[in-house]
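Only one structure is covered here, and it is reproduced in the block below.
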Amino acid sequence: MKIVSVDDLPLDGKVIQVLRNRGIVSLNPVQSEAIEKGLLEGKRMLLTSPTGSGKTLIAELGMISHLLKGGKRAVYVTPLRALTAEKYSTFGDWETLGIKVGVTSGDYDAEDAFLSKYDLVVTTYEKLDSLWRHGPEWLLETDYFVLDELHYMNDGKRGPIVESVAVRAKRRKILALSATVSNGEAIAKWLNAELVNTNWRPVPLREGILINDRKITLSFSDGTTLTLKGSDGILSYTEKVVEEGGQVLIFRSSRKMAETTAKKVASLNLKLRRGEVDSLASRLEEVEDAGSEEKNTLLELIKKGVAFHHAGLSKGLRDLIEEGFRKRIIKVITATPTLAAGVNLPARSVIIGDIHRFNRRILGFQEEISVMEYKQMSGRAGRPGYDSEGEAVIVVRNRREAERIARKYIFSPPEPLESKLGNESAFYSFLLGLFAEKGSSEERVRNLVYEAFLDRNVTESYLEQGFSWLKENEFLTNDYKLTVFGRRVADIYINPFSAKIIKDVLTSSQSEDCDIPYLHMLAMTPDGPIANVSKQEEDDLVYVSPCPTFMEEPDDEDELYEYLSALKIALIVHDWVEETEEDTILSKYNIGSGDLRSIVETMDWLTYSGYQVAKALKLESHAEILHKLNRRVYDGVKEELLDLIRVPGIGRKRGRLLYQNGLTKPEDLLMNQEKVKSILGEKLGEKVVKEAARVVGGVL
DNA sequence: ACGTTTCTTGTCTTGCCTCGGAGGC
DNA sequence: CAAGACAAGAAACGT
């Protein structure tokens, strides 16, 4: 029996009402197949299908029917905070059924115990992995897990986390969602679930190759070909699509290329709706978190209906660009792969400008992107409701290449999902996490480890090796209990190799007044951020550093690069906490405001971790310095401003301004309200005074 | 003869994302 | 197993 109308669903009328309110009256083929195979009866399932094929709704029906039948709690896991926020907002619809929906991830602040009052919790893989180590009651009694975007398992760095979450989740009921993979059967078997695999998509997709030779030829897999005029294939094709009323998403492999392509597109004179474009442009000028340079270049582009998009941009700018595209004010976005993985932003046509991407690990070489990655990008083609068909084209330079590329990306299945736990760093972290769980024992860990997707022989060889490494480095006692140090490392969720570096360096170094050696050491850990170091900087960095590092400058070329990259991070954060003007930092180090934000975020977490590790090791003077440093990193202020910036609305800039005018504490703001208003302006001043009152009141 | 534009050559650069916790959702 | 940006210098071009 195929269920097509939502009215036929064997579910409470309220459930059907929620769907109807969303405008859903019938189920698509993927959805009805999942239901047919027992989704609503709580059947374990692995669902592989293209992006945008309505997997979220399937997960919702799975979770809701589970909860309505007396299930205790459901947890929905995604690999990205942006997705977590998006799903949380979608799932809010179910509150009308009395289902309480909560969310937790790095940027939501919730204490573990607080989540116990929710029936449905949305989170990230890392957060869930971390929660499991603390073992709160609400998590232990959770009996349904949805693992979204399971194909992230193939990511070298983060895949092991996905896998280790799956190992624990699959002991309960699960529903796993993934892009199409070539070994779905094997994964389903591993998860003890039934495979539901379809290729259905809401808007049909045509895939093609754009040959950018003397002549520009566009040939699609269905056999149609056409020739375009012009000298730049990307431009000619883009112009054609926009003239026909469509939007274009162009993927380039580097930020710089995305920016220059955007500038070229801007010279096309696309037809725009002037009024909307102008109001978007004026809103762009008001974006607060952005650097002035990126804002100015984007402003010019947006007026021409085009924008570039990459992680160097501030969050505010990215959000505005995405919104402008969704409202069809912006016709063309040129982007790095950020947009392929994150929140859904479809366009009539997707151009994959490069199939090569630089990879530092394969030094000097470029690697071809994976088929799966291509599918992620091309899957963004076709806007439901606007386009009857989506188009995805790969740009190549000659006819010979065209055939090989078409065979590889268009006519071949994507790669299989593989375990990425087979390396020391991933495997030892996995072990440490398992030992940190409630009721852990040597035997339990030994059993759990074999439930990973990793090959049995490989697991065996890493297991004993991992145990002795954890013991040697004092994470684990000889009778398989975590040491104080080991416990702390598991809790703060840093890589054990990072912890080892911090431990080794701090125990062998005297405490230093300067913050550079501390920041540098933290940036050198596997958890540290990475900065690109130019040739020029290679020569200058050591020279401009105000003081030496704990770690010695290596001779080896690759190691030297890592050392200098960490030094650059240290200098950036040093300038940041010394209250250097943001625009100055951005141009001095040639980074974007988005980069600065992410460096600060990571270093905030790492300085906290460093402080905790030092404390656990009873290295008091190091701990004190790191603690003081940590308090300054997030907001980027000198110590004397810490008191003032407790007031919401006051950051490093306003804080410094008030401080210079003799207002140094929140209390001072209350005592000199008129002065505050004259410094910050009437409206803002009033708001700040109110906030100050709350802060001061809270203290009393 | 001199200034400007175009071409040639060699060097340089190069994606993204998640992790803690304080108070109080 | 790369490709485009950029800078510097050479060559071509124009007045």
Side-chain angles (χ1 to χ4, degrees), chain A residues 77-84 88 100-115 117-118 123-131 133-134 149 152 155-162 165 212 251-261 263-264 309-312 335-342 353-360 362-369 373 376 395-397 401 429 433 488-495 498 526-527 529-530 532-538 590 594-595 598 601-602 604-613 630-631 634 646 698:
Chain A
V77 204
T78 87
L80 301 173
R81 297 198 290 221
L83 286 178
T84 302
Y88 171 59
K100 292 209 181 78
V101 184
V103 61
T104 178
S105 76
D107 43 30
Y108 288 84
D109 322 317
E111 196 207 295
D112 306 357
F114 192 77
L115 293 160
K117 69 177 203 189
Y118 297 112
T123 187
T124 59
Y125 283 102
E126 278 81 358
K127 182 69 182 189
L128 183 54
D129 187 26
S130 162
L131 283 168
R133 301 172 179 207
H134 298 84
E149 313 266 341
Y152 255 77
D155 183 283
K157 250 188 124 82
R158 301 183 51 208
I161 316 282
V162 175
V165 163
N212 204 3
F251 287 107
R252 305 293 333 241
S253 67
S254 77
R255 295 173 178 185
K256 183 121 288 148
M257 282 195 261
E259 288 181 27
T260 47
T261 305
K263 283 173 191 159
K264 285 183 195 164
H309 183 293
H310 57 64
T336 54
T338 350
L339 277 188
D354 325 75
I355 41 147
H356 292 277
R357 185 158 55 235
F358 177 78
N359 183 339
R360 179 141 277 123
I362 322 173
L363 224 78
F365 305 129
Q366 292 249 135
E367 61 183 354
E368 280 185 355
I369 60 169
E373 237 175 308
Q376 287 282 314
V395 181
V396 299
R397 288 172 313 142
E401 220 188 349
S429 304
R488 206 69 203 101
V489 170
D491 282 351
I492 55 183
Y493 203 69
I494 55 172
N495 184 310
S498 297
D527 288 314
I530 289 172
N532 288 327
V533 180
S534 72
K535 270 267 165 22
Q536 180 66 44
E537 284 173 320
E538 274 185 31
N590 191 27
D595 298 313
S598 97
E601 211 175 278
T602 306
D604 175 41
W605 167 56
L606 281 178
T607 45
Y608 178 80
S609 302
Y611 157 55
Q612 289 295 326
V613 168
N630 172 246
R631 299 210 301 146
Y634 190 82
R646 282 168 40 225

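Residue numbers begin at 1 in each chain, while the letters A, B, ... track the order of the sequences. Predicted, not measured: the structure shown is a model, and the values here were computed from it.
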Dump every N/O contact between nucleotides 7-13 of chain B and the protein below 3.5 Å, one line per pair.
from: B:dT13; atom 1: OP1; to: A:K535; atom 2: N; distance (Å): 3.1
from: B:dT13; atom 1: OP2; to: A:K535; atom 2: N; distance (Å): 3.2

Pairing residues for A:Y125 by the ring pair (Phe, Tyr, Trp, His ring centres under 6.0 Å) criterion, not counting sequence neighbours: none

Nearest 0.5 Å, what's the CZ-CG distance between A:R133 and A:D491? 8.5 Å

The ring pair (Phe, Tyr, Trp, His ring centres under 6.0 Å) partners of A:H310 (sequence neighbours excluded) come to A:F308

Verify, without hydrogens or angle tests, whether A:D155 (side chain) and A:K157 (backbone) share a donor-acceptor contact under 3.5 angstrom. yes

Has A:T104 got a side-chain atom pairing as donor or acceptor with A:T123's backbone, closer than 3.5 angstrom? no

If we take the P atom in both B:dG15 and C:dC6, what is their distance in whole Å? 13 Å

Can you measure from CH2 (A:W605) to CG (A:D527) and round to the nearest 0.5 angstrom? 4.0 Å

Identified pairing partner of B:dC17, criterion: Watson-Crick or G-U wobble below 3.5 Å: none

Is there a side-chain contact between A:Y88 and A:V101 in this structure, where contact means two heavy atoms from C-beta onward sitting under 4.5 Å apart? yes

For A:E537 and B:dT14, give me the distance from atom CD to atom P, rounded to whole Å. 9 Å

Are any side-chain N or O atoms of A:E259 and backbone N or O atoms of A:K256, one a donor and one an acceptor, separated by less than 3.5 Å? no

Quick check: do A:V162 and A:R158 have side-chain heavy atoms less than 4.5 Å from each other? no

Interatomic distance, NE2@A:H309 vs CZ@A:F251, rounded to 0.5 Å, equals 10.0 Å

Does a side-chain heavy-atom distance below 4.5 Å link A:E149 with A:T78? no

What does the list of N/O pairs under 3.5 Å between the protein and nucleotides 16-20 of chain B look like, with a distance for each?
from: B:dC16; atom 1: OP1; to: A:A311; atom 2: N; distance (Å): 2.8
from: B:dC16; atom 1: OP1; to: A:T336; atom 2: OG1; distance (Å): 3.0
from: B:dC16; atom 1: OP2; to: A:R255; atom 2: NE; distance (Å): 2.9
from: B:dC16; atom 1: OP2; to: A:R255; atom 2: NH2; distance (Å): 2.6
from: B:dC17; atom 1: OP1; to: A:R318; atom 2: NH1; distance (Å): 3.4
from: B:dT18; atom 1: OP1; to: A:R81; atom 2: N; distance (Å): 2.8
from: B:dT18; atom 1: O4'; to: A:R158; atom 2: NH2; distance (Å): 3.3
from: B:dT18; atom 1: O3'; to: A:T124; atom 2: OG1; distance (Å): 3.4
from: B:dC19; atom 1: OP1; to: A:G106; atom 2: N; distance (Å): 3.1
from: B:dC19; atom 1: OP1; to: A:T124; atom 2: OG1; distance (Å): 2.4
from: B:dC19; atom 1: OP2; to: A:R81; atom 2: NH1; distance (Å): 3.3
from: B:dC19; atom 1: OP2; to: A:G106; atom 2: N; distance (Å): 3.2
from: B:dC19; atom 1: N4; to: A:T602; atom 2: OG1; distance (Å): 3.4
from: B:dG20; atom 1: OP1; to: A:S130; atom 2: OG; distance (Å): 2.8
from: B:dG20; atom 1: O6; to: A:D604; atom 2: OD2; distance (Å): 2.7
from: B:dG20; atom 1: N1; to: A:D604; atom 2: OD2; distance (Å): 3.2

When you compare B:dT18 with C:dA2, how far apart are their P atoms, in angstrom units rounded to a whole number? 33 Å

If you round to the nearest 0.5 Å, how far is CG of A:L606 from OG of A:S498? 7.0 Å

Paired with B:dA22: which nucleotide, if any, by Watson-Crick or G-U wobble criteria at under 3.5 Å for both distances? none

As a test of your reading of the structure, name each stem of DNA chain C as range with range, where a stem is three or more consecutive Watson-Crick or G-U pairs at under 3.5 Å. B:1-14 with C:2-15

Using atom names, set out every protein N or O paired with an N or O of nucleotides 5-7 of chain C below 3.5 Å, distance rounded to 0.1 Å.
from: C:dA5; atom 1: OP1; to: A:T260; atom 2: OG1; distance (Å): 2.7

Separation of atom CD in A:E368 from atom P in C:dC1, rounded to whole Å: 12 Å

Can A:D604 and A:R631 be counted as an ion pair, charged N to O under 4.0 angstrom? no

What is the distance, rounded to the nearest whole Å, between atom CD1 of A:I355 and atom P of C:dC1? 15 Å

What integer number of Å spans the P atoms of B:dG20 and B:dC16? 23 Å

